[in-house]
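This is a predicted model, so every value here is computed, not measured. Letters A, B, ... mirror the listed sequences (proteins, then strands); counts begin at 1.
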Amino acid sequence: MTEMNSEEYRELRIDVLTEISNVGTGNAAHSLSSMLSGDISIEVPVIRFLEFKDLAEAIDGAENTVVGIMVNLQRDLNGMVMFLMDIKSANGILNNLFGRPAGHVIEEFSEMELSALNELGNVMAGAYLSAISTLTGLSAATTVPEIAIDMAGAIMSVPAIAFGKISDRVLLIQSEIKGEGINAMGNFILTPTEESFDKIFNALWA
Amino acid sequence: MSQIIKVGMADMNVCRVPDRITTLGLGSCVGVVIYEPYAPVCGMVHIMLPNSKAITNNENPAKFADTGIMLLADKLAAMGLSRSKMRAKIAGGARMFKYVAASDMLKVGERNAEAVKAVLQSLSIPLLAEDCGGDFGRTIEFDPKTAELCIRSIGRPEKII
């Protein structure tokens with residue numbers, strides 16, 4: 001890989017992340033189906049590599065209120081995985097999870113509901129990590145998930161900053177989650193550290 | 001017709017009266033406004049990281065406190081602002097996720113705010129007002145006509161600094 005210039009190297013990184021995203025989304029659909037009731041499907045993800053300034057608009061505006069669940073990676077890999085969805089999507093998933101009628105509107109999420117969303121984010125992150133493990137043989141553990149509900153731009157600034165050290169763009173994976181009373185747009189932001197990128201590459205080319 | 005000029009993440013822009021300039025949903029990033037009182041031109045930069053020198057990928061100067069603020073000051077000077085009369089207002093630098101407080105990555109909000117202040121000081125641009133820290137996002141909007149920086153957050157009253 002010594003012959004590669006930095007631009008080519010960056011392009012290659014995108015390819016690798018795209019492959020991980022595809023496998024990860026398949027895993028996520030499987031995990032969600034066992035967590036939620038009824039038929040759950042996840043559409044083929046749209047993977048976009050966006051400039052930071054366009055990131056917030058891509059998920060309906062920087063001021064839009066979203067739920068963000070973040071886990072940090074440990075062991076072989078370091079980095080961050082974040083799962084984001086808008087409040088309405090989160091509401092739909094909670095209604096399904098707690099067996100409530102589809103249109104029920106939650107005014108303010110309870111501790112139990114927040115904890116359920118946290119777990120959902122954790123499961124989704126796990127699906128992507130297992131994709132990395134499958135493809136590379138590397139193992140990654142996650143920290144306890146953390147949740148925040150705030151403006152999309154503000155929440156996304158956390159992974160964007162983490163990723164900002166290696167790129168001017170960020171990888172966004174968007175996929176529609178559909179099921180009983182659920183029409184959610186799931187947004188993933190995947191940000192391995194530079195060192196972890198190298199590990200992933202070395203594992204793939206070993 | 002006045003417009004609202006948008007500044008994205010790691011982005012910079014300038015604005016002229018009667019327009020206003022805004023950046024939406026600041027989290028750990030810091031929004032820096034530079035203006036000259038009673039002058040019709042101002043600018044804003046959305047800083048993501050403290051220092052361009054510590055990082056290999058530093059092609060976008062607007063991303064970093066050191067290069068971004070300097071670039072904005074240069075641009076405003078080229079548009080006619082006097083460096084000695086430049087003033088600054090800043091907001092942002094929150095910690096969006098609280099529990100992993102010890103983690104390096106999550107302290108970046110505080111580090112951004114500190115770096116921004118240090119750069120302003122090194123350029124001798126007085127910082128007249130700030131609203132930094134906390135665990136919530138902010139949308140900020142600056143009106144060069146009044147030099148007021150309006151800060152909006154979810155579930156909090158609007159604040160003007």
Side-chain angles (χ1 to χ4, degrees), chain A residues 6-7 9-10 13 50-66 68-74 78-80 82 87 108 118 121 142-170 191 193-194 197, chain B residues 6-13 22-31 46-52 54-64 91-109 111-112 134-141 152-156:
Chain A
S6 66
E7 189 52 41
Y9 190 49
R10 208 169 297 163
R13 288 177 163 175
L50 297 166
E51 284 191 45
F52 293 121
K53 63 182 173 65
D54 301 323
L55 180 60
E57 288 310 314
I59 76 160
D60 290 337
E63 281 192 292
N64 191 26
T65 307
V66 298
I69 300 124
M70 181 186 72
V71 295
N72 282 291
L73 307 183
Q74 292 172 328
N78 288 299
M80 204 180 264
M82 182 177 269
I87 281 285
E108 194 173 342
N118 229 343
T142 55
T143 56
V144 175
E146 282 200 65
I147 191 165
I149 300 178
D150 209 304
M151 295 173 180
I155 288 181
M156 286 194 300
S157 74
V158 177
I161 286 169
F163 209 53
K165 293 175 184 173
I166 52 167
S167 175
D168 286 319
R169 294 186 291 172
V170 68
T191 71
T193 60
E194 186 148 23
F197 253 129
Chain B
K6 276 190 186 176
V7 179
M9 195 180 278
D11 189 19
M12 185 184 96
N13 220 327
T22 188
T23 194
L24 309 175
L26 275 169
S28 299
C29 301
V30 175
H46 185 134
I47 302 293
M48 274 181 69
L49 289 161
N51 187 352
S52 66
I55 283 159
T56 46
N57 179 64
N58 52 13
E59 293 135 40
N60 176 8
K63 197 155 79 176
F64 306 95
R95 183 183 289 177
M96 298 308 300
F97 293 86
K98 47 192 165 222
Y99 297 114
V100 197
S103 157
D104 206 34
M105 235 171 233
L106 295 165
K107 274 189 187 161
V108 77
R111 289 214 312 271
N112 275 338
D135 60 356
F136 50 89
R138 296 166 171 90
T139 282
I140 63 172
E141 186 180 302
R152 291 193 302 271
S153 298
I154 294 169
R156 286 168 189 275

Checking [X] against chain A: side chain, backbone, both or neither under 4.5 Å from a heavy atom?
X        : result
B:Arg152 : both
B:Ile154 : both
B:Asn112 : side chain

How many angstroms lie between [atom1] in [X] and [atom2] in [Y], if you round to the nearest 0.5 Å?
X        : Y       : atom1 : atom2 : answer
A:Ile147 : A:Ile69 : CD1   : CD1   : 4.5 Å
B:Leu49  : B:Ser28 : CG    : OG    : 10.5 Å
B:Asp135 : B:Arg95 : CG    : CZ    : 9.5 Å

Quick one: which of B:Asp11, B:Asn13, B:Thr23 gives a side-chain hydrogen bond (donor to acceptor under 3.5 Å, both in side chains) with B:His46?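 Passing option: B:Thr23.
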Under 4.5 Å from a heavy atom of chain B, the part of A:Ala148 involved: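 Backbone plus side chain of A:Ala148, per the 4.5 Å heavy-atom cut-off to chain B.
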